[in-house]
Amino acid sequence: MTLRDGVPTEAAQRHRELSERIDEGNYRYYVLDQPTLTDAEYDRMMRELRELEERHPQLVTPDSPTQKVGSPITTDFATVEHLERMQSLDNAMSEDELLAWDERVVKEVGEVAGYLCELKIDGLAIAVTYEKGRLVRGITRGDGRTGEDVTNNIRTIADIPSRLAGEGWPDVLEVRGEVFLPIEGFEQVNAAQVEAGKDPFANPRNAAAGSLRQKDPRVTAHRPLGMLVHGFGAWEGGTRPDSQSGAYELMRGWGLPVSDRYEVVGGLDAVRAYVERYGEHRHDPAYEIDGVVVKVDQFALQRRLGSTSRAPRWAIAWKYPPEEVNTKLLDIKVGVGRTGRVTPYGVMAPIQVAGSTVERATLHNASEVRRKGVLIGDTVVLRKAGDVIPEIVAPVTALRDGSEREFEMPEHCPECGTELAYEKEGDADIRCPNARLCPAQLRERLYFVASRNALDIEALGYVGATALTQPLEPSDPPVKNEGDLFHLTVERLLPIKSAVLDAKTGTAKTDPKTGEPKIVTFFANKEGEPKKTVEILFEELEKAKKQPLWRVLVALSIRHVGPAAAQDLARELRSMEAIQSATEEELAAVDGVGPTIAAAIRAWFEVDWHREIVDKWRDAGVRMEDEGAAGPRPLAGVSVVITGSLEGFSRDSATAAVQNLGGKVSGSVSKKTGFVVVGDNPGSKYDKAVKLGVPVLGEEGFRVLLADGPDAAKNVTLRADE
DNA sequence: GGGCCTCGAGATCC
DNA sequence: CTCGAGGCCC
């Protein structure tokens, strides 16, 4: 008898088998309302499982069915990492932009034989992972790197098989697709909502999003959600197809839902025809679409085109022109952002457009207001750009009656009264220069520190940031700037009183009876004890201290330093210390960092109270260097150009590999280039390397470069005649 | 920017 | 049960 942890393997195997069948039975019973086991069968299996566990207590794990009987199946929304990054798509809003995309593609890889056109469904992107053909996880898109685990809700979607059919599927397959509610299903669900005395949903997309975020999968199961595949992430094992359409057909064969409306066409004209056809027949599909996605079909070409920090270069989303409506511009107000920028925004009579009610829209800056020529009191044309962000297009001048008035940019900060100023001649944005003390900037910066793009501190939102930086009581705020965030104590939090803010407008609410402003103790309950949020806040702060350096950098609100630049800086310089002490030239030498960013960083560190923020965070234990900060950098000062497609690397992973060793990846070959790495289908860069006498590496040589450094790599270069 | 869900806290009902 | 706050989707 074979033993594992003292348990016979047959027993362990039987235990696994029973657990699986019981879990499946529970799921069908509780969630799908379609029991497949009789009560007797269920009881018998449960009894056998208990007996097994009595004999072998090692088998009792928290996820054993014996441990969770009676507890309903729920979705826990845990944050999990995607196997591969989920990128978004660049948009083309006009013929010109579509043409420009095509030209760039052709310039990089030559004429493209196949463009895959598909409908862009207005739903939510998800990643569904199959291991050995079994559905193991469903994750929302999230920020592209991590998303929320919605597996139990995904399992209720009829289109999504729990096991792959056929054979030949990879060991691990991460299917990407769009979850949506078909129009008919939407109407059905809304009828049911109204029947049940609940408000109907505003539009199918939001209804689908809400359905996926149900804690109880039984609710999700009653929403007729659909799904259509639009790609894949991880693909481990099995035979990899060589094109997008090839992948689709394989996946279709495995029982995955693939649209039959996609087409591979031969050139830009045919792409235009596809776009036009569905523009005219937009309502033919059973679901809402907001555009067309065009992809370079061949994977070899996709790899050569690579991606920018946010989107692949081998795909583009054509967006159909947005719906436009008229409404009244009631007022133009201004807000102050985290960098002091003063932004005018329009307040309009609420109006339905593209599935939601709109009453506010940013106007960006004073010259934008002038350029559009809108007056307060105008009837304006409104649309949602990309069907998301409301945009005032233009005034309807014919409807003016003379009562309209021009908007005037305030001369003083609406929150701190400081005189506003342009930083440089010709700036579009006017700013409040009082960065250190302006309450609006403090609040906005603190809110930003906690945001998903920066340190991602859950439990600290807009209202919390307001309460910490400008409480009604005490007069001495616990957070005078973001430096204080990690030195908070419960004692400082308890006395805080803050106004209740309207979620929509951010203005203080008043008690409808007395007319007095509503005031609450934000962190203490009635008894004066800490609310649950306090505990969560401190846990989140501890987590935030462990965030990677680039997130800390982003959180500092240095002008021009967003996630992309911060990651470049962190990768190359690896510690706050190094970034702080680098000269402007050294900063500008970082791949992805130009003179503007370099100057902004230097200027930021010149300011005493800025450096104090960093010091305070460091004292509190916030991470100030990335792992491997002291690691070897054998490629420091070496610039590498990668061309053609490599077998074992994606464009991104090859780039990351070079950068992690301190090297620089550049797009064009020059005399200063250290190495040119060529894969299959190398372009003109290979010829240029030969002409300039730059060492050329094949994939094997590239591996030598990464493993053994530049000197070793020089011995394995390809000769020009190879 | 707006719509949705969840959760905690407090009010309200019985 | 209702409301406020936060998070997440596009």
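Letters go in sequence order (proteins before strands), and every chain restarts at 1.
For A:Phe522, taking side-chain heavy atoms from C-beta onward, the closest of the listed nucleotides C:dG6, C:dC10, C:dC9 is C:dG6. Across C:dC8, C:dG6, B:dT6, the shortest atom-to-atom separation from the side chain of A:Phe77 is found for B:dT6. Side-chain proximity of A:Val500 to the nucleotides C:dG7, C:dC10, C:dA5 is greatest for C:dA5. Ranking C:dA5, C:dC8, B:dG2 by closeness to the A:Glu458 side chain, first place goes to C:dC8. In this structure, of C:dC9, B:dG2, C:dA5, it is C:dC9 that holds the atom nearest to the side chain of A:Thr140.
Listed by first and then second residue, the side-chain hydrogen bond (donor to acceptor under 3.5 Å, both in side chains) pairs that reach into residues 531-543 of chain A are A:Glu540-A:Lys543, A:Glu542-A:Lys545, sequence neighbours excluded. Each side-chain hydrogen bond (donor to acceptor under 3.5 Å, both in side chains) pair with one or both residues in residues 322-331 of chain A, not counting sequence neighbours, appears once here: A:Glu324-A:Arg383.
The nearest whole Å value for the distance from the CG atom in A:Asp122 to the C1' atom in C:dC9 is 11 Å. Residue A:Arg141 contributes atom CZ, which lies 18 Å from atom C1' of B:dC4 at whole-angstrom precision. For the pair A:Asn152 CG and B:dT6 C1', the computed distance is 17 Å after rounding to whole Å. Look at CG on A:Asp216: it is 13 Å from C1' on B:dT6, rounded to the nearest Å. Rounded to an integer number of Å, the gap from CD of A:Glu323 to C1' of B:dG2 is 15 Å. Atom-to-atom, CG of A:Leu212 to P of C:dC9 comes out at 10 Å; the value is rounded to the nearest Å. What separates CD of A:Gln352 from C1' of B:dG2 is a distance of 11 Å, to the nearest Å. Here the P atom of nucleotide C:dC10 and the CG atom of A:Asp143 are 11 Å apart, to the nearest Å.
Nucleic acid contact for A:Gly464: sugar-phosphate only, since backbone atoms but no base atoms lie under 4.0 Å from a heavy atom of the residue. Using a 4.0 Å heavy-atom criterion, one finds that A:Leu124 contacts the sugar-phosphate atoms exclusively. Using a 4.0 Å heavy-atom distance criterion, A:Ile457 is classed as a sugar-phosphate-only contact. Nucleic acid contact class of A:Val388 (heavy atoms, under 4.0 Å, all strands): base.
Listed in residue order, the members of residues 524-540 of chain A having a heavy atom less than 4.0 Å from DNA chain C come to none. Residues from residues 186-209 of chain A lying near DNA chain B, meaning a heavy-atom separation below 4.0 Å, are A:Phe201, A:Ala202, A:Arg205, A:Asn206 in numerical order.
Projected onto DNA chain B by closest heavy-atom contact, A:Arg223 and A:Ser356 fall at different nucleotides, the more 5' of which corresponds to A:Ser356. Judged by closest nucleotide on DNA chain B, A:Val358 is the one of A:Val358 and A:Thr521 placed further toward the 5' end.
Considering only heavy atoms from C-beta on, A:Leu382 comes within 4.5 Å of A:Val353 through its side chain.
Residue A:Thr357 has no polar side-chain atom (N or O) positioned under 4.0 Å from OP1 or OP2 of B:dG2. For A:Lys215, a side-chain nitrogen or oxygen approaches OP1 or OP2 of B:dC7 to under 4.0 Å.
Around NE2 of A:His281, the count of heavy atoms belonging to other residues, nucleotides or ligands within 6.0 Å exceeds 12.
A salt bridge does not link A:Glu118 with A:Lys120: every distance from a Lys NZ or Arg NE/NH1/NH2 to an Asp or Glu carboxylate oxygen is 4.0 Å or more.
Residues passing the ring pair (Phe, Tyr, Trp, His ring centres under 6.0 Å) test with A:Tyr130, sequence neighbours excluded: none. For A:Asp122, there are no salt bridge (charged side-chain N to carboxylate O under 4.0 Å, His left out) partners at least two apart in sequence or on another chain. Checked against side-chain contact (heavy atoms from CB on, under 4.5 Å), A:Pro495 has no partners two or more places apart in sequence or in another chain. Here A:Ala555 pairs with A:Val449, A:Ala454, A:Leu455, A:Trp617 under the side-chain contact (heavy atoms from CB on, under 4.5 Å) rule; sequence neighbours left out.
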Donor-acceptor pairs under 3.5 Å, side chain of residues 205-215 of chain A to any protein atom, not counting sequence neighbours: which ones?
residue, atom, partner, partner atom, Å
A:Asn206, ND2, A:Asn203, OD1, 3.4
A:Ser211, OG, A:Ala207, O, 2.6
A:Ser211, OG, A:Arg223, NH1, 3.0
A:Arg213, NH1, A:Glu148, OE1, 2.2

TODO: Quick one: do A:Tyr248 and A:Tyr262 satisfy ring pair (Phe, Tyr, Trp, His ring centres under 6.0 Å)? Show the steps, please.
DONE: CA-CA 10 Å; A:Tyr248 283 1; A:Tyr262 86 82; 5.1 Å; yes
